*Asks:* 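Sharing a structure with you now.
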Amino acid sequence: MRIFCKNLSFSYSPKAKNPVYAVENLSLTVEEGEFFGIIGHTGSGKSTFIQHLNALIPLQEGQLFIGDFDLNPSKDNKEYKKRLKELRSKVGMVFQYPEYQLFAESVFEDVAFGLRNFFPTLSAEEVSKRVQYAIELVGLNYFEVKDKSPFDLSGGQKRRVAIAGVLVTEPEVLVLDEPVAGLDPQGKKELMDLLHSLMTGKRTIIIVSHDMDEVCENCSRIAVMQRGKIIKTGTPEEVFNGEQIENLSSPLIANLKKSLEANGVDLNCKLTADDFINAVSEEYLKRTNK
């Protein structure tokens with residue numbers, strides 16, 4: 001599903017004499033099937049914006065379309081309330097530390113909750129089938145975990161269960177707020193590998209992150225938010241190969257590239273570890289074979 005947003009503005013106190021906007025005149029397009037990153041310092045408006053994507057925060061000003069869903073809640077949009085549940089089944093939201101939102105007595109019941117809510121007419125057999133599929137999709141053994149309390153699982157397993165509870169409705173857009181926060185390096189890699197494995201068909205994935213290396217390693221495009229506005233969009237290379245962005249640290253690979261350029265070594269590579277290592281190796285071979 002394609003996301004189209006134009007001149008979106010939102011204030012938590014819209015009736016104030018001089019309202020402060022958490023998001024202001026924000027325009028952004030995320031194409032269907034993209035792995036998209038949104039970055040910015042705390043308070044830049046990232047979380048406020050993404051909560052618009054499944055109408056957790058209703059649109060105040062501007063335009064927002066998710067596929068063919070018009071998220072304008074005005075009286076003229078007669079389909080808005082009718083299709084709200086459908087929208088939320090198609091746009092899955094995984095909040096920061098999603099394992100804290102687990103609540104059911106068993107993993108099965110936790111994953112099944114959203115499915116039963118969105119699709120109350122499903123048979124018990126179909127619910128069981130789809131819950132098993134979602135649990136296995138996130139890399140867990142269904143028969144080992146389905147009857148366990150989610151609180152008896154490891155931190156990484158809890159996060160996978162929380163993601164399974166979103167994937168079970170088969171969303172076309174998956175939005176994750178700081179998906180690897182608090183995980184060790186191996187846990188981060190495993191979770192990001194999982195997200196890439198979910199990039200099947202036309203599913204769109206959006207991650208919000210403070211980790212510049214994470215977005216460069218995984219995202220095809222990035223939007224930088226500052227004071228409620230998008231100040232820059234582009235590939236990781238387009239965003240980070242220029243001037244330093246206020247209040248944001250540069251990713252490690254970008255810093256290494258700049259250091260090498262300052263010493264006469266100009267590498268043409270993406271800002272990923274593998275691409276950088278390959279470019280350095282090629283440059284080394286060129287120089288040693290002269």
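Just so we're clear, the structure is a prediction, and the values are computed from it rather than from any experiment.
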*Asks:* Which pairs with one or both residues in residues 103-125 pass salt bridge (Lys or Arg N to Asp or Glu O under 4.0 Å), sequence neighbours excluded?
*Replies:* E109-R116
*Asks:* Do L26 and N7 have side chains that get closer than 4.5 Å, going by heavy atoms?
*Replies:* no
*Asks:* State, with a plain yes or no, whether a side-chain heavy atom of L84 is found less than 4.5 Å away from one of R88.
*Replies:* yes
*Asks:* Does some side-chain heavy atom of V239 sit less than 4.5 Å from a side-chain heavy atom of I245?
*Replies:* yes
*Asks:* Any salt bridge (Lys or Arg N to Asp or Glu O under 4.0 Å) involving residues 164-186? Give me the pairs, sequence neighbours left out, ordered by first then second residue.
*Replies:* K90-E172
*Asks:* Walk me through whether K85 and F118 qualify under side chain to side chain contact (heavy atoms under 4.5 Å, CB included).
*Replies:* CA-CA 7 Å; K85 182 175 281 192; F118 288 123; 3.3 Å; yes
*Asks:* Are I206 and I38 packed together at the side-chain level, in the sense that at least one heavy-atom pair is separated by less than 4.5 angstrom?
*Replies:* yes
*Asks:* With sequence neighbours excluded, tell me which residues meet ring pair (Phe, Tyr, Trp, His ring centres under 6.0 Å) with H196.
*Replies:* F35
*Asks:* Are any non-hydrogen side-chain atoms of F36 and T29 less than 4.5 angstrom apart?
*Replies:* no
*Asks:* Linking I/L/V/M/F/W/Y whenever their side-chain heavy atoms sit closer than 4.5 Å, directly or via other members, would I207 and L53 fall into one cluster?
*Replies:* no
*Asks:* Count I, L, V, M, F, W, Y as connected when their side-chain heavy atoms are under 4.5 Å apart, and connections chain through other members. Are I277 and I253 then in the same cluster?
*Replies:* no
*Asks:* For residues L28 and I231: do they belong to one hydrophobic cluster (side chain heavy atoms under 4.5 Å, members Ile, Leu, Val, Met, Phe, Trp, Tyr)?
*Replies:* no
*Asks:* Among the clusters formed by ILVMFWY side chains lying less than 4.5 Å apart, do F49 and Y21 turn up in the same one?
*Replies:* no
*Asks:* Can you give me the closest heavy-atom contact between R130 and V168, atom names plus distance?
*Replies:* NH2-O, 3.4 Å
*Asks:* Quick one: are N141 and V145 in side-chain contact, heavy atoms under 4.5 Å?
*Replies:* no
*Asks:* Using the test side-chain hydrogen bond (donor to acceptor under 3.5 Å, both in side chains), find all partners of E31 that sit at least two apart in sequence or belong to another chain.
*Replies:* R2
*Asks:* Once you measure the plane-to-plane angle for F4 and F65, does it fall in the parallel (<30°), tilted (30-60°) or perpendicular (>60°) bin?
*Replies:* tilted
*Asks:* Is the backbone of R221 close enough, under 3.5 Å, to the side chain of T235 for a donor and an acceptor to pair up by distance?
*Replies:* no
*Asks:* Within the 3.5 Å criterion, strictly below it, is a donor on T48 or Y12 matched to an acceptor on the partner's side chain?
*Replies:* yes
*Asks:* Give the table of side-chain donor-acceptor pairs shorter than 3.5 Å for residues 131-140, with sequence neighbours excluded, one pair per line with atom names and distance.
*Replies:*
| from | atom 1 | to | atom 2 | distance (Å) |
| --- | --- | --- | --- | --- |
| Q132 | NE2 | E136 | OE2 | 3.2 |

*Asks:* Quick check on the hydrophobic clustering: are Y142 and L198 connected, directly or via other members, by side-chain heavy-atom contacts under 4.5 Å?
*Replies:* yes
*Asks:* Show, in sequence, the C-alpha distance, side-chain angles and deciding distance for V161 and L102, and conclude whether the side chain to side chain contact (heavy atoms under 4.5 Å, CB included) test is met.
*Replies:* CA-CA 8 Å; V161 169; L102 302 175; 4.0 Å; yes
*Asks:* Would you say that D68 contacts R83 through its side chain, given a criterion of any heavy-atom pair below 4.5 Å between the two side chains?
*Replies:* yes
*Asks:* May I have the step-by-step check of side chain to side chain contact (heavy atoms under 4.5 Å, CB included) for L271 and M212, ending in yes or no?
*Replies:* CA-CA 10 Å; L271 299 183; M212 303 303 107; over 6 Å; no
*Asks:* Once side-chain hydrogen bond (donor to acceptor under 3.5 Å, both in side chains) is applied, do any residues pair with E214, and if so which ones, sequence neighbours excluded?
*Replies:* S209
*Asks:* Would you mind reporting whether R203 and V173 have side-chain heavy atoms less than 4.5 Å apart?
*Replies:* no
*Asks:* Is any NZ, NE, NH1 or NH2 atom of the basic residue among E261 and K258 found under 4.0 Å from an Asp or Glu carboxylate oxygen of the other?
*Replies:* no
*Asks:* Between F108 and S128, is the side chain to side chain contact (heavy atoms under 4.5 Å, CB included) condition met? List the steps.
*Replies:* CA-CA 8 Å; F108 182 95; S128 181; 4.1 Å; yes
